Amino acid sequence: MFKLAASVPDNERRSSFFEGFIAVLPAQAGLVPFAVIIGITAVELGITPAEILGMSILVFAGASQLAAIFLMADGASIVVILATVLALNVRFVIYSASIAPFILSLSRLHKAVYAYLLTDPGYAISIPRLQSDSAPHSHWYYFGVTFGIWVGWILGTLIGAGISGDIPDGFPIELVLPFIFLALLFSVIEDRTTAISAATAGVVAMLTASLGYNLELVLGVAAGVSAGVYVDR
Amino acid sequence: MSELEVMSRIRFWTIVIGMAIVTFLLRSSFIAAFSYFEIPDWLETNMKLIPPTVLAAFSFPPLVYRDGVYALSATEPFLLAGMAATLAAWRTENIIATLVVGFGTFWVASSLF
């Protein structure tokens, strides 16, 4: 299906692929539950199992899927939702720039598939191997890692959508997003600047929460970025 | 399906397709190499500020403001759960731990108060 340098033996490609697939198994312990939670939450909020499966396949990006689900349930406008997805996924541009040199010679279809499969853990686990292994088939390792993550993600979504009915009534499903995002937030805060940006964004968003139209998101982000830029000037 | 249902299903898929396009364009930006653009300086320096600010703007308001009012009483389960979850997130940076602590605190607080 993929055109590759003819001189690379199949079994080397295969073993790189499986090495990648195995290498990501420990990370699956955290990724699959995330997908399960997204499946549960989506169906709880009125999205059908087929729809959330479709979203997981088409978008394949956890934080933005979660944000979109809650914004949709809130009746947010398409502009707000897509702007949020853009903001949450803009880091993929950096990953794209970083892995592009290693897959330059591949066909457009091959590149498109590899681009589609790009995720934070997919990148993090395969980039060391891509950088250290100069063999032409080392990208199969990336394929193994990212394909593994993809399978786990789809299965997790299906499982979550399936067990959603077991969640008791009155369970505060709306707390799922804040809790998950809090964990992600502290993992991306790495220095004084990002901490100040985050704190400013949080405070401004809380103060403007009553304005409606998700304005607190725009104002919070604007205030946070401004504060971060100011602190760094 | 009622007409309203059909409309909201169409809206859902429109949004999802939009999300898919945006995300794929971001992912393929440099890989596709059809555009030899470089990331503008201002974007590069400020890009690292976007995840923390967006995540913070989403995380905190629901913990203090719900159903049209600020719910800040000392016995409010959502607030207490939020504070516990923030602490857990700060110390562990772990999704599962934060969920367990957050929902556990909510359960205890709503039973007590």
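Because the structure is predicted, anything quoted here is derived from the model rather than measured. Every chain is numbered from 1, with letters handed out A, B, ... down the list of sequences.
Interface residue B/L26: backbone and side-chain heavy atoms are both found under 4.5 Å from chain A. Using a 4.5 Å cut-off between heavy atoms, B/W107 does not touch chain A at all. With a 4.5 Å cut-off on non-hydrogen atoms, B/V54 touches chain A through its backbone and its side chain both. With a 4.5 Å cut-off on non-hydrogen atoms, B/R11 touches chain A through its side chain but not through its backbone. For B/N94, the part lying near chain A is the backbone, with the side chain staying farther off; criterion is any non-hydrogen pair under 4.5 Å. For B/F106, the part lying under 4.5 angstrom from a heavy atom of chain A is the side chain only.
Between B/S59 and A/P178, the shortest heavy-atom contact is O-CB, 3.5 Å.
The contact list for residues 75-87 of chain B toward chain A, using heavy atoms and a distance under 4.5 Å, reads B/F78, B/A81, B/G82, B/A85, B/T86 by residue number. Proximity to chain B at a heavy-atom threshold of 4.5 Å picks out A/P33, A/F34, A/I37 from residues 31-40 of chain A, in numerical order. When the heavy atoms of residues 63-70 of chain B are compared with those of chain A, the residues falling under 4.5 Å are B/L63, B/V64, B/Y65, B/R66, B/Y70, listed by number.
In terms of heavy-atom pairs under 4.5 Å with chain B, the best-connected choice from A/S64, A/G224, A/A198, A/G220 is A/A198. Note on B/I21, B/V22, B/I15: by heavy-atom pairs under 4.5 Å with chain A, the leading option is B/I15. The greatest number of non-hydrogen atom pairs below 4.5 Å with chain B, out of A/A223, A/A201, A/A209, is found for A/A209.
Residues B/L55 and A/L182 form no side-chain contact, since every pair of their non-hydrogen atoms from C-beta on lies 4.5 Å or further apart.
Looking only at distances, a side-chain donor or acceptor of A/S96 sits under 3.5 Å from a matching main-chain atom of B/R27.
For residues 188-205 of chain A, every residue pair satisfying the salt bridge (Lys or Arg N to Asp or Glu O under 4.0 Å) rule, not counting sequence neighbours, is listed here: A/D191-B/K48.
Ring geometry for B/W90 against A/F186 counts as tilted: the plane angle lies between 30° and 60°, on a 0 to 90° scale.
Aromatic ring centres of B/F30 and A/Y95: separated by at least 6.0 Å.
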